[in-house]
> 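Here's a structure for you.
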Amino acid sequence: MLDYGLFRYTSKEEVLEKSIRYWNPGKTRFWQETGVDLVMGRREGYIIHDIDGRRLIDLHINGGTYNLGHRNAELIATLTTALEYFDIGNHWFPSVARTALAEALVNCSPGMSYAVFAPGGAEAADIAIKSARYATKRRKIVSIIKGYHGHAGLSVATGDDRFTKIFLSDRPDEFIQVPFNDLAAMEAALKGRDIAAVILETIPATYGFPMPAPGYLQGVRDLCTKYGTLYIADEVQTGFMRCGQMWGWQVFGVQPDLFIAAKGLSGGLYPIAVCMLGERAGGWLHEDGAAHISTTGGGEVGCFVAMRVLEILQRPETRANTRAVSEFFAEGFADLIRRHPDVVVGLRQMGTVMGVEFDHPEGAVAASRALYETGVWAIFSSLDKRVLQFKPGVLMSRALCEEVIERFDAAIPRLRALIAEMKG
Amino acid sequence: MDGGKPFLTFAQNPLDGVMERARWAAGAFAELDRATTLRIARAVAEAGHSRAQADAEAAVRETGFGVVAHKRLKNELCSRGVFDTYAGQDFVGPLAEPDRRIVKLARPAGVILALTPSTNPIATLNFKAVLAMLTRNAVVFSPHPLAKGCSIAAAEALAEAARKAGAPDGAIQVLREPTIPLVEAAMSDARVDLVLATGGPAVVQAAYRSGHPAYGVGPGNAPAYVHESADPVAAAKRLVDSKSFDNSILCTNESVVLADRVLADRLLEALRQAGAHVCSEAEADRLRALLWNAEGGFNVTGALGKDAAVIARAAGITVPPSTRILVVPFAKVQPEEPFAREKLAPVLGFARVDGPGEAGRAARAMMRHAGTGHSAGFHGRDEAALMAFARAAPALRVAVNVPLSQGAAGFGTNLGPTMTIGTGFAGGSALGENLRPDHLVNWVQIAQAADAEPARFDHISPWRAEPLLPAEAPISYSQGNPPGGPVGGKRAPVPGVDLPFGGSAVTARGPAAQDDMAALRAEIRALVLEELRAALQTA
């Protein structure tokens, strides 16, 4: 009996059956067919348990949502304490919590002047696009092929056809896509001087974390400046120290005009996202500050969690741990690649943002499955299934990192067999 | 603010980051070879040595305990002195013992939580840091709150020295807000492997309750037996030198002189000549009232580690300013006599005994209250008397014809220079010796059959010269591979990409470094432009 007080199930099978019936048949079936029969139960730190009790190390961390671990004790204490006094608040009025968080964010975001809050990354991306349109009085947005910025009205239109056409939400006239790491294509798109903004994940996550070629991001920045276009950095997966500094664009030495962050800001406990605006992009806040409204955007209890997230991330110890985790896996994968060159063929890495490359176009789907069977949960890249997203949290302990490498090693024979099967 | 009270108060636990960092450091440190280890340990020892005077001044200023010149000496002995003592010994391995068909590999304890006292804050810190570095352990210091400022400054300087010498990041850390709840939490933290407790009995007992392996040591209360075979003038000089050293703040200092009756008067006279003031009964009463409160607690703020003249003045005893110690004769060596207890002040009890038998009984009586397993002194030439006293006195070290403060702590004797004196089973400790580096490592023993041809391992070292996590190096990353393109997990730097781990943010860099960055950026821009031109030409 799985008894959760307000509801209960007799078995995992019942959960899956009702999930198909009432929630999402397609998603539920997909994972059963992929061999990943996970229904999350208990969770703590970087460990999740299936409701049947099986333990998994979480290297998916939902794109950085659990950057500081699941149910981080300090964050729970912060949320609990905040609830003694606060709730979501009223978005119309100035708020102590939103103001404090906005100030904290501006202070750790060079070049930014304002923070506009949202309940999630997609809305934050929409705010960014709207802000750029206001500032430039232009309508068109450029993104990269296989880029990903969420599923709201504007953000989804920047992304892959898979997510737009099904809902008749593609807008090819206003949303133009160019290949990644191709400055010539970018210039060709911008030189008509009718582009409001380029929106770029600092390292494209859903595309499997291909690294920006040396000079690419700065090249885009320079082209934006040249043609009067704003540069929007999407830091949803690369922010919050995951690349080694607070924001990924700092690591690459590129100054955006505005940027968005989400996931990790919530601590995995209370949804909150932000669009950070430079002075120019924030112009609309002076003309009509209520032009964009979000009842739950910047909910006050979430602001407390987010402030603690920022404080933890800025501790020297967190910085040290991030580096330790990065160094450990750099060395660990170099060794794995040496020993299993027929299976693991490469590692893309910037800090704790990593993509593991396999020698098969669907190799990462097999890797997800083999690792899942060996006690590790890491997800393939939806838009490049050759690459496994490998995302250790910045606070992971040495002992757990060692265990990950040991389990990865142990999963190799099964992975080799799965790939051989796929090759037929 | 509601009448100055915050609306909300948030609890915080700063231990997590520190302990995880220490664990990473311990893991990386345990892989290092001996040459690198020695380089790190020497750098830490030299840093402690070069700071000895400044640290001594800071400690006396902050705590009010002790004498700057003596603290300086201890700080020096516990840094370079300790390093020199052990530099020739191998705490890394492999160590081959062909005759025994055994080869040994050191396995460090891991993360050591080191508590340091207010009485000898820096000497203890230097000592434990050098020992930890020699044995490839990560150490987290928890300083006594009374000596917090000087201890944090010293620990950070040692950490910086370790860092520069190539120690793994976080090899030496210090708890910046050592409150009692935090220290208790630290002691029972699952990420700690070993607790080194130096401090009061409460701290030591807490260390043993922590559930971790611990070396805690009990308090001292040392008898010094002056046998009739002793030269009273030489003995008196040693006693005064020892008792006035750092105003008696070392737990190895003499607490009570047990003088054979036949030379007692001559010894008292020699003590006077050496700079002692011998108290009258009335003076002793006033001194007793000053040094102990009604509950028997020692006057920490008014007397502990203070100059003899200062204590005398406070007790209303007139002495010349050059007075080095106060000697208090008393009749009954029993625990109810306060002068028979530990006094971390230049106040020395004095009792007459009849031969080694009574000296041993008196030693047992005074150490029954406190000091069991600690130290005792002997002055004289009679070996039989020395053996009789050593058998009877419940001490684990009996230092002969030396100032006990230094001698029992291994300075001027071969006991092993230490700031941590094991008081053994009787004294509630797992450690019966002076703490040494070898107490901080286990050894993996590779054991062959007793009649096998001995393995040599001549050209095999399991260790590395560079740590996984050098404190200075930037974060690693792979060169970006184009999607589906060539691969290989290489770690080539991307020009212009700055990853300022180790605290060197771009803004904190010098002008030269900024110029370098600017040059790199310009170069990248030039490359980009060239690419663009090429692209436009082909278009």
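Residue numbers begin at 1 in each chain, while the letters A, B, ... track the order of the sequences. All values below come from the heavy atoms of this structure, side chains included, with hydrogens, waters and symmetry mates left out.
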> Heavy-atom distance under 4.5 Å to chain B: side chain of Pro361(A), backbone, both or neither?
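Looking at Pro361(A), nothing touches chain B.
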> For the pair Trp24(B) and Phe328(A), name the ring-plane relationship: parallel under 30°, tilted 30 to 60°, perpendicular over 60°.
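Aromatic pair Trp24(B)/Phe328(A) classed perpendicular.
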> Of all the heavy-atom pairs spanning Leu8(B) and Thr81(A), show the shortest one and how long it is.
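That would be CD2-O, 3.4 Å.
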> Got a sec: does the CD1 of Ile180(B) have more than 12 other heavy atoms crowding it under 6.0 Å?
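Check fails, neighbour count at 12 or below.
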> Determine the minimum heavy-atom distance between Asp169(B) and Ala320(A), stating which atoms define it.
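Looks like OD2-CB, 3.2 Å.
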> Non-hydrogen atoms of chain B under 4.5 Å away: do they reach the side chain of Phe329(A), the backbone, both or neither?
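Answer is neither: Phe329(A) stays 4.5 Å or more from chain B.
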> Atom CG in Leu68(A), atom CG in Asp16(B): separation rounded to 0.5 Å?
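So the CG of Leu68(A) and the CG of Asp16(B) are separated by 11.0 Å.
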> What part of Arg338(A) lies closer than 4.5 angstrom to a heavy atom of chain B: side chain, backbone, both or neither?
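For Arg338(A), there is no contact with chain B at all, as no heavy atom is under 4.5 Å.
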> What distance separates Phe10(B) CZ from Met307(A) CE, expressed to the nearest 0.5 Å?
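Output value for this atom pair is 9.5 Å.
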> Is the shortest side-chain N to carboxylate O distance from Arg315(A) to Glu20(B) below 4.0 Å?
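Salt bridge between Arg315(A) and Glu20(B), a charged N being under 4.0 Å from a carboxylate O: no.
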> Under 4.0 Å between a side-chain nitrogen and a carboxylate oxygen: does that hold for Arg398(A) and Glu31(B)?
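Looking at Arg398(A) and Glu31(B), the cut-off is met.
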> Yes or no on salt bridge (Lys or Arg N to Asp or Glu O under 4.0 Å) for Glu317(A) and Arg176(B), after CA distance, side-chain angles and deciding distance?
CA-CA 13 Å; Glu317(A) 291 81 9; Arg176(B) 303 189 61 85; over 6 Å; no
> So for Met354(A), is it side chain, backbone, both, or neither that comes closer than 4.5 Å to the heavy atoms of chain B?
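Looking at Met354(A), nothing touches chain B.
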> Just wondering, are more than 12 heavy atoms of other shown residues or ligands nearer than 6.0 Å to CZ in Arg107(B)?
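No, not enclosed.
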